[in-house]
Amino acid sequence: MIDKTVAGTAEAVAGIADGSTVMIGGFGRAGQPVELIDALIEQGAGDLTVVSNNAGNGDVGIAALLAEGRVRKVVCSFPRQHDSWVFDRLYRAGELELELVPQGNLAERIRAAGAGIGAFYSPTGVGTLLAEGKEERTIDGRRYLLEHPIRADVALVAAYRGDRWGNLVYRETARNFGPIMAAAATTTVVQVDELVELGALDPESVATPGIHVDRVVAVGYRPWIHEGRFVGGVDVNGAPLEQSPESSVAGAVR
Amino acid sequence: MTGLSRDELARRIAADIPEGAYVNLGIGAPTLVANHLPEDLEIVLHTENGLLGMGPAPEDGLIDPDLINAGKQAVTALPGAAYFHHADSFGMMRGGHLDICVLGAFQVSERGDLANWSTGEPGAIPAVGGAMDLAIGAKQVFVMTDLLTRDGASKLVAECTYPLTGVACVSRIYTGDAVFDVTPEGLRVREAFGEHTVASLEELTGLTLQAAAPELASAAEEEGGSR
């Protein structure tokens, strides 16, 4: 019997070594595996290279990991945001190395790693500062840069539902980097809102087949979802609105 | 010399987007264009974090943190929407499947080089996001910007001095003063607003400009932002 489920987030992140490259899913807060990151902070691994689209929001998730001094280098496309004060402070203090990668190249480099591609030519970034040091080649009259895959020791991914084989479905734009990061890491650890029985996920809707997943842990529904239904009642950061739960449930029309 | 307001300019750009177009509106002012797309036309908005068929912001109480746009604001998904992962989303862009992308700019050069991601100031934290992918991906790249900086310098230049986002990638530039097409012969004034003429625009930009129609060379068009 295949059973990739683990009982808790501590078990899910066990064994992550100092110096690891860790991919962390999410775009801003959507799809960010906050519970797994909290467990990684608790677990204690340091000197990490983090590969993620952003470099932390507010004081939670990736920002908390950075604030704990566990990260040596960040590979991302968009570190500077209105709520990226933790990254900003550490970067300005020279305590964090940054590799800035255009978002599409970041995604494709991660995808390439999972797909066994040695390297590829991308037109993005040609003629810019981010082309420095990259091989350029003209193919059929268009200029391209040689881009190499980004692999990781560990990927931390958040999905909506999963089963014990590691099959995953995502929710809305929280899918973002999940499927490609899951395929690009040696060990892929996934937090889901809900674990379901094998066979309960529609095979037509599985976005990450279990072959790419090593460990799955259920962390429970987020506040805007109740028993598998969207109920709202939160702001875009997931914080509760100042209203009674009854009115938010009554207001849900989807 | 009164030209178009930011909102009138957004409406002017929206008027050039045909039914059936797949469109990405960049973060910032370009998102205003969505407010002026006619409701009776089916125009599909793409957001690079993984959604085609993006709809307007939800009502309070129905905000869904899993459903956001590239600016990380809450949005909705219209009937017919589709979700996809990031590599597919940027493949759509890089693969030339988007019809139109509307972006902001610090500078645009005469041959359509775009600078919009970094002022190059020492000590600034660099952040590029999807800007470089958007700049080279769509079939047509529209820039929405003021013609002049707050200091009165032209944002249309012979050569960009800010770090480039993309080379020769801009198709058309919409400003509150005029609309310019990027052509092999340089910038061509497609439409001038207020009392602007090619001569007055040349004075503001310091560039030699082409005129799309003979009347632009002398008298200004009156229609402004009307459709």
Side-chain angles (χ1 to χ4, degrees), chain A residues 27-31 53 57 77-81 84 87-88 91-92 98 100-108 110-111 122-130 143 160 170-180 207 222 224 230 232-238 241 243 247-248 251-254, chain B residues 27 47-51 54 57-77 81 83-94 96 113-115 117-118 120 123-137 163-169:
Chain A
F27 179 84
R29 295 170 191 257
N53 189 63
N57 306 79
S77 83
F78 207 79
R80 188 193 64 228
Q81 303 167 90
S84 62
F87 174 86
D88 297 0
Y91 181 75
R92 290 211 166 95
L98 170 68
L100 190 72
V101 184
Q103 204 168 329
N105 285 355
L106 181 68
E108 193 64 16
I110 294 167
R111 196 197 72 80
S122 167
T124 301
V126 165
T128 74
L129 291 176
L130 300 187
R143 295 163 67 192
Y160 182 43
Y170 298 84
R171 200 166 169 272
E172 302 169 337
T173 56
R175 179 183 310 196
N176 56 63
F177 283 89
I180 53 174
R222 279 85 45 81
W224 54 97
F230 172 77
V234 297
D235 67 16
V236 73
N237 296 326
L241 298 177
Q243 63 180 56
S247 67
S248 75
V253 293
R254 292 195 289 164
Chain B
I27 296 170
T47 182
E48 59 265 34
N49 52 313
L51 167 63
M54 177 174 64
E59 298 167 36
D60 274 358
L62 294 180
I63 288 170
D64 187 338
D66 291 332
L67 183 44
I68 60 173
N69 65 12
K72 304 187 175 81
Q73 300 161 312
V75 295
T76 49
Y83 298 113
F84 32 84
H85 65 62
H86 243 74
D88 278 352
S89 186
F90 281 85
M92 266 170 220
M93 197 181 289
R94 194 189 308 108
D113 294 349
L114 173 66
W117 74 280
S118 166
I125 293 175
V128 65
M132 290 184 181
D133 307 274
L134 284 162
I136 57 94
L164 290 185
T165 308
V167 175
C169 57

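In what follows, every chain begins at residue 1, and chains take the letters A, B, ... in the order their sequences are listed.
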Contacting moiety of [X], where chain B heavy atoms sit under 4.5 Å:
{"X": "Tyr170(A)", "answer": "neither"}
{"X": "Asp88(A)", "answer": "both"}
{"X": "Arg80(A)", "answer": "both"}
{"X": "Leu106(A)", "answer": "neither"}
{"X": "Val236(A)", "answer": "both"}

### Task
Heavy atoms only, distances under 4.5 angstrom: which of Ala70(B), Gly129(B), Gly50(B) has the most pairs with chain A? Name it, please.
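Most heavy-atom pairs within the cutoff with chain A belong to Gly129(B).
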### Query
Taking every heavy-atom pair that is under 4.5 Å apart, which of Leu164(B), Asn69(B), Val128(B) has the most such pairs with chain A?
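Option with the greatest count: Val128(B).
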Side chain [X], main chain [Y], donor-acceptor under 3.5 Å:
{"X": "Thr173(A)", "Y": "Asp66(B)", "answer": "yes"}
{"X": "Asn176(A)", "Y": "Ala30(A)", "answer": "yes"}
{"X": "Thr124(A)", "Y": "Met132(B)", "answer": "no"}
{"X": "Ser89(B)", "Y": "Glu48(B)", "answer": "yes"}
{"X": "Ser118(B)", "Y": "Pro126(B)", "answer": "no"}

### Contact origin within Glu59(B) toward chain A - heavy atom pairs under 4.5 Å
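Neither; nothing under 4.5 Å.
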### Query
Rounded to the nearest 0.5 Å, what separation is found between the CD1 atom of Ile27(B) and the CZ atom of Phe78(A)?
5.5 Å
Pairs of heavy atoms under 4.5 Å with chain B: top-ranked of [options]:
{"options": "Arg111(A), Arg29(A), Arg143(A), Glu108(A)", "value": "Glu108(A)"}
{"options": "Gly104(A), Ala107(A), Gly31(A)", "value": "Gly104(A)"}
{"options": "Gly238(A), Pro79(A), Gly28(A)", "value": "Pro79(A)"}

### Summary
Val167(B) and Gly127(A) have their tightest heavy-atom pair at CG2-CA, 3.9 Å
### Message
In terms of relative ring orientation, are Phe27(A) and His86(B) parallel, tilted or perpendicular, with 30° and 60° separating the classes?
### Response
tilted
